[in-house]
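Below is one structure, written out as structure tokens, with a few remarks after it.
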There are 2 protein chains.
Amino acid sequence: VSEFDDQVRVTATGEGTFAAELPAGWVVGGGVNGGFQLSVVASALRETFPTKPHALTMSAVYQTAGTPGPATVTVDVAREGGSTATASASLVQDGQTRISVLATCASLDAFAEKYAARGGPSYRFTDEPELAPLEECLSSLDAPAELKSFIPMLDRFELRLDPRHVTWQSETPSMGGEIVGWFRFADGRDPDPLALLTACDVLPPVTFDLGMFGWAPTLELSVHLRGVPAPGWLKIRHRTRLVEGGLFDEECEIWDSTGALVAQSRQLALVPRS
Amino acid sequence: VSEFDDQVRVTATGEGTFAAELPAGWVVGGGVNGGFQLSVVASALRETFPTKPHALTMSAVYQTAGTPGPATVTVDVAREGGSTATASASLVQDGQTRISVLATCASLDAFAEKYAARGGPSYRFTDEPELAPLEECLSSLDAPAELKSFIPMLDRFELRLDPRHVTWQSETPSMGGEIVGWFRFADGRDPDPLALLTACDVLPPVTFDLGMFGWAPTLELSVHLRGVPAPGWLKIRHRTRLVEGGLFDEECEIWDSTGALVAQSRQLALVPRS
């Protein structure tokens, strides 16, 4: 069993309640990574809807910072029927809600099969990120020790950032409001829909590429799952459109090794102080 | 009082419960417009958090189609403190949840003042839509009668669609996955944050511009409010990035008459049958 599968596992403890454990290894600055918390909640959703194993949409409001240790995930089913199911969920620690979630679950495979059967067309209006080759990108394994001590999650995966934008070792941002990188788990576990929820939140905040290197607390994050990723490295692109009035949006696209767009997310976050 | 203000008004009926009325005039095909329902919920949030009158983020899962008639909005406050408040909310009719919502409320003005005081920078990486002049765009007032009978909400506002993309009168889509138009309320009421929630859902589905003219049920819609709009016409742009496997994303940007990006939204929806 891979490290990630072990870490996101939940255990049913009652009707719609699950026990989880947030690992110290996923801490980033002030708390446990928000994307990882989404994966834990999605893990409970998968237990709840075994025939609808994919969280097509997850919207999360971040209430308080998650801390390493036990957590309870509650799932409140709103509607199940036909090809989708919807639920509210939350991740709670010590009586405090960390994240509140709204989710739509389904089987991506069942959707794709039905759509193919009716001959539905496909269109794509966004381009796969152009990334420098793996060997020219800067690896999170080589991030400065002081950064790693502040961001233990950097040991969970290998992130290779394209040197055209801000990286671990460069404080010269491109000022283009974009960060792109390659991602895979440290132990080589291949990506799956559960992992994409984490992957959409592992790059540095896009504000780093605008010279603001502080922590950027997320207010809201919505993820749309668009495909089951093929094995291999993922390409991740963060972009912002508007930094204004103390708030910025950060969109994320995740592309798999076959060039398929497999996830899209957007968050609204607070502009860092520095 | 404008028609819209009258229609979105809610009346407190208890701790966290509000009475509302969904007007027949906002019906679009199978139900009451989803964006309008968001405005009604935001109206209840504004009553709940008078010093945090703006829903900075609203994420909604569409459970069942809203119908004209009485509705109850429930607001469950999750956290209030500092500059933001968060809540879960739902709009219910006849015991059936129409939409479930997660929201973050704040004062955009307070955010902007604080950010200006610390000299925070602004950046924008998206362009105001290039729209044909108002007089060259095709007005919803001139939409075919059979369309108007199916979409009564077309009488609530004036929407002028740029003829470069699909319009009311043309069945020749640009196949670019984009629709842009001008928007204002029929009675000339100026836009405000509450109205933007409706405005992000009034254009035809972006799939119209790909030759698919059917109804496109929304699974999830998230809106980020980015500014208080200036008086005057709004510019609205819908774009999709990926139509695949029976699902498509539709993003919306709303720009005010001064050229400010005032709202961003993205939804995941089902590809129409036709």
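Protein chains get the first letters and strands the later ones, always in sequence-line order, with residue 1 at the start of each.
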Do [X] and [Y] touch side chain to side chain, with heavy atoms closer than 4.5 Å?
X	Y	result
B:R118	A:R273	yes
B:Y123	A:L242	no
B:L210	A:F125	yes

Residues passing the side-chain hydrogen bond (donor to acceptor under 3.5 Å, both in side chains) test with A:S100, sequence neighbours excluded, are A:Q63
Based on non-hydrogen pairs under 4.5 Å, which of [options] is most in contact with chain B?
options	value
A:L102, A:V61, A:T57, A:T86	A:L102
A:M175, A:R79, A:R266, A:E244	A:R266
A:G120, A:G177, A:S88, A:G227	A:G177
A:L56, A:L270, A:T97	A:L56

Any residue meeting side chain to side chain contact (heavy atoms under 4.5 Å, CB included) with B:T126, in chain and number order, not counting sequence neighbours
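For B:T126 the side chain to side chain contact (heavy atoms under 4.5 Å, CB included) partners, ignoring immediate neighbours, are A:R241, B:R124, B:R237, B:R239, B:E253, B:W255, B:L261.
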Quiz item: Using non-hydrogen atoms only, which part of A:S265 is less than 4.5 Å away from chain B: side chain, backbone, both, or neither?
Solution: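 Contact with chain B is through the backbone of A:S265 alone.
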Is chain B contacted by the side chain of A:Q267, its backbone, both, or neither, given a heavy-atom distance below 4.5 Å?
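Only the backbone of A:Q267 comes within 4.5 Å of chain B.
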Measuring from A:L108:CG to B:L247:CG, what's the distance to the nearest 0.5 Å?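 Interatomic distance, A:L108 CG to B:L247 CG, rounded to 0.5 Å: 7.0 Å.
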Value for CG (A:L268) from OG (B:S59), rounded to nearest 0.5 Å, stands at 10.0 Å
B:D109 portion near chain A, given a 4.5 angstrom heavy-atom threshold:
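No part of it gets close to chain A.
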Cut-off 4.5 Å, heavy atoms of chain A, and the answer for B:Q264 is both
